[in-house]
Amino acid sequence: MTLIDQESSTASRHAPSVLPFRHIGERRNPWVFGVLLLVSIVLFLPVLWLVLTALKSPGQLTSDPITWFPVPPQLQNFIDATTVQPFWAYAANSLFLATVNGALTATSSAIVGYGFARLNGRGKKALFGLLIAMMMMPPIITLIPTYLLFAKVGLVGTYWPWVLWGISGAPYLIFLYRQFFAGLPRELEEAAILDGCGRLRIFVQIFLPLSKPVIATAFVLSFTGVWGDFIAPQLLLTQDNTTLAVAITTGYVNAAGFPLNNLLAAGAVLYVLPMVIMFLFVQRSYVRGFSTSGMK
């Protein structure tokens, strides 16, 4: 076993970990629990109303008085929501864009975050200050200039803007990686350098394996950002290659042009479901990514 393998094994034992939070010797406050329960119920009500709307017939949506619960539930709405328009083709477009952008953003942000955390150079502090300033800038501000730039180079109507955005990284994710990498012991690098490793090998074989929770967090944030984005696909894509977010808002109308609200709700439920499933699978790594990145 080489020295770098030994140090990688040692690093795995010394990597920041999240300990379970236990209330030892503390009494639970029923008022706090009640307030949290009330807030949770209020936040869940829109989701419940969306599901109930997705199960109603057109007559139940316009009935007077209001029909609160669909009797019987119209499960056919979910089938119709996928057949009225090419639902699965638009879903494939969204999946492709979100996956490519998520993978590229997580990788490029990790590289830049490693540079800020472990490398020294002239102007590093100024660049890091610029990064913090970019975190405070809403992305919507730069969308129109970005659109004009992509239009001049002929990239409107293609998926290349999402590739370029992915290669550029994301300021918040760069900061997240920087905080995590800065918390790892210097001895890891020193031992690897003595073993003859270059910076790239140190990054790939030592730092990336230790940052799996942060990688999962970065990928989930990037993936959900693209999956839930409406404005950028509306501006940059055509009706043939647009994403599911745009298709849902424009595709469920009748012959007279009026919206089919029950199918719209059913399509929205199907649209949100993959995000819920993904979060359930990566919830532990997602939470650990935020926890370990703030330890220094």
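Quick note: residue numbers are just sequence positions, from 1.
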Determine whether [X] and [Y] make a side-chain contact, defined as any pair of heavy atoms from C-beta on separated by less than 4.5 Å.
X: L237; Y: L97; answer: yes
X: L236; Y: Y159; answer: no
X: F116; Y: V112; answer: yes
X: Q239; Y: Y90; answer: yes
X: P161; Y: T146; answer: no
X: F150; Y: L164; answer: yes

Enter the distance from [X]:[atom1] to [Y]:[atom2] here, rounded to the nearest 0.5 Å.
X: W227; Y: N101; atom1: CH2; atom2: CG; answer: 13.5 Å
X: M278; Y: F219; atom1: CE; atom2: CZ; answer: 6.5 Å
X: F230; Y: T249; atom1: CZ; atom2: OG1; answer: 4.0 Å
X: N262; Y: N77; atom1: CG; atom2: CG; answer: 4.5 Å
X: L260; Y: D80; atom1: CG; atom2: CG; answer: 9.5 Å
X: T107; Y: I215; atom1: OG1; atom2: CD1; answer: 7.5 Å

Inspect the surroundings of [atom1] in [X] and state if more than 12 heavy atoms from other residues, nucleotides or ligands are less than 6.0 Å away.
X: Y147; atom1: OH; value: no
X: W49; atom1: CH2; value: yes
X: R122; atom1: CZ; value: no
X: I231; atom1: CD1; value: no

Take W165 and T105 through the side chain to side chain contact (heavy atoms under 4.5 Å, CB included) test and state the conclusion after the steps. CA-CA 7 Å; W165 283 330; T105 303; 6.0 Å; no
Is the side chain of [X] donor-acceptor paired with the backbone N or O of [Y] at a distance under 3.5 Å, no angle test?
X: N241; Y: N93; value: no
X: T238; Y: G157; value: no
X: Q74; Y: P72; value: yes
X: S94; Y: A91; value: no
X: T242; Y: A247; value: no
X: Q234; Y: A245; value: no
X: S222; Y: G102; value: no

If hydrophobic clusters are built from ILVMFWY residues whose side chains come within less than 4.5 Å, do [X] and [Y] share one?
X: F175; Y: L127; value: yes
X: I141; Y: M135; value: no
X: V51; Y: Y271; value: yes
X: L176; Y: I111; value: yes
X: L263; Y: F258; value: no

If you look at every heavy atom in [X] and [Y], which pair is closest and at what distance?
X: L210; Y: F180; answer: O-CZ, 3.0 Å
X: K124; Y: N120; answer: NZ-OD1, 3.7 Å
X: P233; Y: V246; answer: CB-CG2, 3.8 Å
X: A117; Y: A182; answer: CB-N, 3.7 Å
X: A170; Y: S109; answer: N-OG, 3.1 Å
X: Y252; Y: G267; answer: OH-CA, 4.0 Å

May I have the step-by-step check of ring-ring contact (aromatic ring centres under 6.0 Å, His included) for W162 and F96, ending in yes or no? CA-CA 10 Å; W162 282 264; F96 174 77; over 10 Å; no
Under the side chain to side chain contact (heavy atoms under 4.5 Å, CB included) rule, what do T243 and D229 come out as? Steps first, then yes or no, please. CA-CA 9 Å; T243 60; D229 189 16; over 6 Å; no
Stacked cation flag R118 on F207, 6.0 angstrom / 45 deg: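 Judged by the rule (NZ or CZ under 6.0 Å from the ring centre, within 45° of its axis), R118 is not positioned above F207.
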Side chain to side chain contact (heavy atoms under 4.5 Å, CB included) evaluation trace for F279 with T224: CA-CA 10 Å; F279 179 76; T224 54; over 6 Å; no
When the ring planes of Y114 and F203 are compared, do they come out parallel, tilted or perpendicular, using 30° and 60° as the limits?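 Y114 and F203: tilted rings.
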